[in-house]
Protein chains: 2
Amino acid sequence: MKNKILEFRKRKGFTQDVLAKKCKVTRQTINAIENDRYDPTLQLAFKIAQVLNVKVDDLFKP
Amino acid sequence: MKNKILEFRKRKGFTQDVLAKKCKVTRQTINAIENDRYDPTLQLAFKIAQVLNVKVDDLFKP
DNA sequence: ATAAAACGTAAAAACATTTTGACATTATAA
DNA sequence: TTATAATGTCAAAATGTTTTTACGTTTTAT
């Protein structure tokens, strides 16, 4: 699953740690997802999208 | 996580079993997700949305 | 009313994710 | 250049999801 977390995160000026805290997960989780080591749960995908003000469909692509 | 699988599935005239096969999962998996027993993986969420011709954002709501 | 199709549910095993804690590397600014 | 922030990565344990098998209930059509 491809994702544009880096792109939208930078656009917001967030570090991985800041994004992680806003999503209430660890920095390692955001890092792993951003680097495609695994996909987030649906819940977390929605949370990240919400925090970055984008649609899940725009943030992730199969 | 709320979902509108039933609504869009009926709109397509699919049974749970038909939808399951198109998504390459068991009928029980579709049934469990449709009845909110658990959320699907992000992959499966995208697959269900694709089969039902809708956006993930329109099919699921946090 | 009865058969067949569709749906609901449960427990356990298999599989995927997240957390935790730690350490390494790279980028940035003073 | 050196301290600091930011990022990358790992392994083990905790947590969560999916599959399988099996059986029960409800709906639909004849």
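Chain letters run A, B, ... following the sequence lines, proteins first, then strands; residues in each count from 1. As the structure is a prediction and not an experimental result, all values here were calculated from the model.
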Could I get the full list of side-chain contact (heavy atoms from CB on, under 4.5 Å) partners for T41(A), not counting sequence neighbours?
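Only Q43(A), L44(A) meet the side-chain contact (heavy atoms from CB on, under 4.5 Å) criterion with T41(A).
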
Residues forming a side-chain contact (heavy atoms from CB on, under 4.5 Å) with K21(A), sequence neighbours excluded:
D17(A)

With sequence neighbours excluded, tell me which residues meet salt bridge (charged side-chain N to carboxylate O under 4.0 Å, His left out) with D36(A).
none

Write down the atom of [X], the atom of [Y], and the distance for their closest heavy-atom approach.
{"X": "F8(A)", "Y": "L59(A)", "value": "CD1-CD1, 3.5 Å"}
{"X": "V51(B)", "Y": "L19(B)", "value": "CG1-CD1, 3.7 Å"}
{"X": "R9(A)", "Y": "F14(A)", "value": "NH1-O, 2.9 Å"}

Report yes or no: do F60(B) and Y38(B) belong to one cluster of Ile/Leu/Val/Met/Phe/Trp/Tyr joined by side chain heavy-atom distances under 4.5 Å?
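Hydrophobic grouping puts F60(B) with Y38(B).
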
Going 5' to 3' along DNA chain D, which are the first and last nucleotides with any atom under 4.0 Å from a heavy atom of chain B?
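Range of nucleotides touched by chain B: dT17(D) to dA22(D).
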
Just to be sure I understand the geometry, which residues of [range] put a non-hydrogen atom under 4.0 Å away from DNA chain D?
{"range": "residues 41-62 of chain A", "value": "none"}
{"range": "residues 11-23 of chain A", "value": "T15(A), Q16(A)"}
{"range": "residues 31-38 of chain B", "value": "Y38(B)"}

How would you list, by chain and number, every residue that makes a side chain to side chain donor-acceptor pair (under 3.5 Å) with Q16(A), sequence neighbours excluded?
N31(A), E34(A)

Side chain to side chain donor-acceptor pair (under 3.5 Å) partners for K4(B), two or more places apart:
none

Report for the helix from dA1(C)-dT30(D) to dA30(C)-dT1(D): angle between first-end and last-end helix axes, five pairs each, rounded to 10 degrees.
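The helix from dA1(C)-dT30(D) to dA30(C)-dT1(D) shows an end-to-end axis angle of 60°.
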
So which pairs with a foot in residues 46-62 of chain B pass side-chain hydrogen bond (donor to acceptor under 3.5 Å, both in side chains), sequence neighbours left out?
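Every pair satisfying side-chain hydrogen bond (donor to acceptor under 3.5 Å, both in side chains) with a residue in residues 46-62 of chain B: K12(B)-N53(B).
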
Can you give me the N/O atom pairs linking the protein to nucleotides 22-27 of chain C at distances under 3.5 Å, or say none if there are none?
residue, atom, partner, partner atom, Å
dA22(C), N6, Q28(A), NE2, 3.0

